Amino acid sequence: MCSLPVPREPLRRVAVAGGTHGNEMSGVYLVRHWLLAPAELQRPSFSAVPVLANPAATAACRRYVDHDLNRTFTSTFLNSRPTRDDPYEVTRARELNQLLGPKASGRAFDFVLDLHNTTANMGTCLITESSHDVFALHLCRHLQVAAAEHTAPGGEREGGQGGTMPGPPLLQYPELSCQVFLYQRSGEESYNLDSVAKNGLALELGPQPQGVLRADIFSRMRALVATVLDFIDLFNQGTAFPAFEMEAYRPVGVMDFPRTETGNLAGTVHPQLQDQDFQPLQPGDPIFQMFSGEDLLYEGESTVYPVFINEAAYYEKGVAFIQTEKLTFSVPAMPALTPAPSPAS
């Protein structure tokens, strides 16, 4: 496996972004809270910066104003000549690229964590580019392990600086899965917000309706962010991480809804498929229930694992669900940082 370079210096410039989509409320309200109380984002080796990514869409409680911000961080948008007629999100992407990047430069932030919600039954989904991103995959593994561990008595978790953070036990929501989604297709340019940084990860938590804030999802996202920052601090302090086997899901196609000749829906996601994200879909299984009454069956030649099933934001994209394949691969060890040499006396 050809791996991306692992950071060889501590990660000091870290950002946590929410509101990339303005109606995904967990990240919106966490960032608003941290802008007023940033101490929760401090660790001994760094302090993370909260960023409200799409203020206009957040104010309107809409996914976006003119263009999906999280599909806008490509060279085509970032490097094109600005004009007065540019969509709001294109202008905002350039601003964020200057704040957190520039993308693919040595001046970019060391790490960006981007917070999202989904209406689909994705549980906790950890989204990174590919199986080559060793640092992000070690972080995913750390989050998966943390999800199975117990925390301090009394429903409080240890804070990054010796304090406690109120709330439910860390990541103790067994009904919510913790899966890894590798979003980038071969040869495709990265396009999302965290790609402007040297390293990044997106958290996708659901199910949560658009424009709604659920306490359980909010608390779980808050705990996940704390665990991400703890991992970065461990890395900065010189912790080594051993090799491991990773299971992840990679997109292989998309499935649109059945439609009429005029483009309207002719059916909806079948009850047997609804909420079955990351579960195997076999040839011959029902996928849609037509308004006329009959079932449409999956006609693929092999098993796939649907994700983002019936995601509200994807109706406009013509996507009923994304088809993925399940992968198992080896992730190499991540050695400890080499201590910087002491200044000569």
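Residue numbers count from 1 along this sequence. Please read all numbers here as calculations on a predicted model, not as lab measurements.
Ion pairing between a basic and an acidic side chain is recognised when a charged N comes within 4.0 Å of a carboxylate O; Asp110 and Arg13 show no such pairing. Salt bridge Lys317/Asp256: absent, no basic N to carboxylate O contact under 4.0 Å.
Hydrophobic clustering (side-chain heavy atoms under 4.5 Å, transitive across Ile, Leu, Val, Met, Phe, Trp, Tyr) keeps Val228 apart from Val145. Transitive grouping of hydrophobic side chains (ILVMFWY, heavy atoms separated by less than 4.5 Å) brings Val319 and Phe278 into a common cluster. Each of Leu265 and Phe308 belongs to its own hydrophobic cluster when Ile, Leu, Val, Met, Phe, Trp and Tyr are linked at side-chain heavy-atom distances under 4.5 angstrom. Residues Leu224 and Met25 share a single hydrophobic cluster, defined by chaining ILVMFWY side chains whose heavy atoms lie under 4.5 Å apart.
Judged purely by atom type and a 3.5 angstrom limit, Gln184 uses its side chain to pair as donor or acceptor with the backbone of Glu188. Here the side chain of Lys326 pairs no donor or acceptor atom with the backbone of Glu247 at under 3.5 angstrom. Although no hydrogens or angles enter the test, the distance criterion places a donor-acceptor pair under 3.5 Å between the side chain of Glu89 and the main chain of Val65. Between the side chain of Arg92 and the main chain of Ala53, a donor-acceptor pair closer than 3.5 Å is present. Judged by distance alone, with hydrogens and angles left aside, the side-chain atoms of Gln208 form a donor-acceptor pair with the main-chain N or O of Val212 at under 3.5 Å. One N or O on the side chain of Ser219 and one on the backbone of Ala215 form a donor-acceptor pair closer than 3.5 Å. No donor-acceptor pair closer than 3.5 Å links the side chain of Thr124 to the backbone N or O of Cys178. No side-chain donor-acceptor contact under 3.5 Å links Asp194 to the backbone of Leu113. With hydrogens and angles disregarded, a donor-acceptor distance shorter than 3.5 Å links the side chain of Thr260 to the backbone of Asn264. With hydrogens and angles ignored, the 3.5 Å screen pairs a side-chain donor or acceptor of Asp86 with a backbone N or O of Thr83.
The shortest heavy-atom contact between Pro10 and Leu337 is N-CD1, 3.6 Å. Between Tyr298 and Gln282, the shortest heavy-atom contact is CD2-O, 3.4 Å. In terms of heavy atoms, Tyr183 sits closest to Ser190 at OH-CB, 3.4 Å. Residues Pro209 and Thr119 share a closest heavy-atom pair of CA-CG2, 4.2 Å. Minimum interatomic distance between Pro306 and Phe321 (heavy atoms only, all atoms of both residues): CB-CD1, 3.7 Å. Of all non-hydrogen atoms in Ser45 and Gln237, the two that sit nearest each other are CB-NE2, 3.9 Å.
Using cut-offs of 30° and 60° on the angle between ring planes, the pair Phe135 and Phe111 is perpendicular.
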**Request:** Walk me through it: do Ser47 and Gln42 pass the test side-chain hydrogen bond (donor to acceptor under 3.5 Å, both in side chains)?
**Result:** CA-CA 4 Å; Ser47 293; Gln42 295 176 2; 4.6 Å; no

**Asked** Under the ring pair (Phe, Tyr, Trp, His ring centres under 6.0 Å) criterion, do Phe231 and His138 qualify, and how do the steps go?
**Response** CA-CA 9 Å; Phe231 175 85; His138 274 275; 7.4 Å; no

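Between atom CG of residue Asp68 and atom CZ of residue Arg63 there is a gap of 4.5 Å, rounded to the nearest 0.5 Å. From Ile287, atom CD1 reaches atom CZ of Phe257 across 11.0 Å, with rounding to the nearest 0.5 Å.
Under 3.5 Å, the side chains of Asp285 and Gln272 contain no donor-acceptor pair of N or O atoms. Thr74 and Glu189 share no donor-acceptor pair across their side chains, judged by distance under 3.5 Å alone. Checking Tyr315 against Asn310 by side-chain atom types alone, a donor-acceptor pair falls below 3.5 Å. Between Asn54 and Thr20, the side chains place no donor N or O within less than 3.5 Å of an acceptor N or O (distance only, hydrogens not considered). Thr118 and Glu311 are linked by a side-chain donor-acceptor pair at a separation below 3.5 angstrom, with hydrogens and angles left out of the test. Judged purely by distance below 3.5 Å, without hydrogens or angles, the side chains of Ser292 and Glu294 pair a donor atom with an acceptor atom. Residues Asn70 and His21 bring no donor and acceptor atom of their side chains to less than 3.5 Å of each other. Counted by atom type alone, His142 and Thr227 present zero donor-acceptor pairs between their side chains at under 3.5 Å. Using a 3.5 Å distance cut-off with no hydrogens or angles, the side chains of Arg222 and Ser26 do not pair a donor with an acceptor. Between Glu204 and His116, the side chains place no donor N or O within less than 3.5 Å of an acceptor N or O (distance only, hydrogens not considered).
Counted within 6.0 Å of CZ on Arg107, heavy atoms from surrounding residues, nucleotides or ligands total 12 or fewer; the atom is thus considered open. For CD of Glu9, the number of neighbouring non-hydrogen atoms (other residues, nucleotides, ligands) closer than 6.0 Å is 12 at most. More than 12 heavy atoms of other residues, nucleotides or ligands lie within 6.0 Å of OH in Tyr88, so this atom counts as buried by the packing criterion. Within 6.0 Å of atom CD in Glu95, more than 12 heavy atoms from other residues, nucleotides or ligands are found, so the atom counts as buried in its surroundings.
A ring-centre distance under 6.0 Å is not found for Tyr249 and Phe181.
Within the 4.5 Å cutoff, no side-chain heavy atoms of Asp114 are placed close to those of Leu201.
For the pair Arg43 and Phe46, the cation-pi criterion (under 6.0 Å, within 45° of the ring axis) is not fulfilled.
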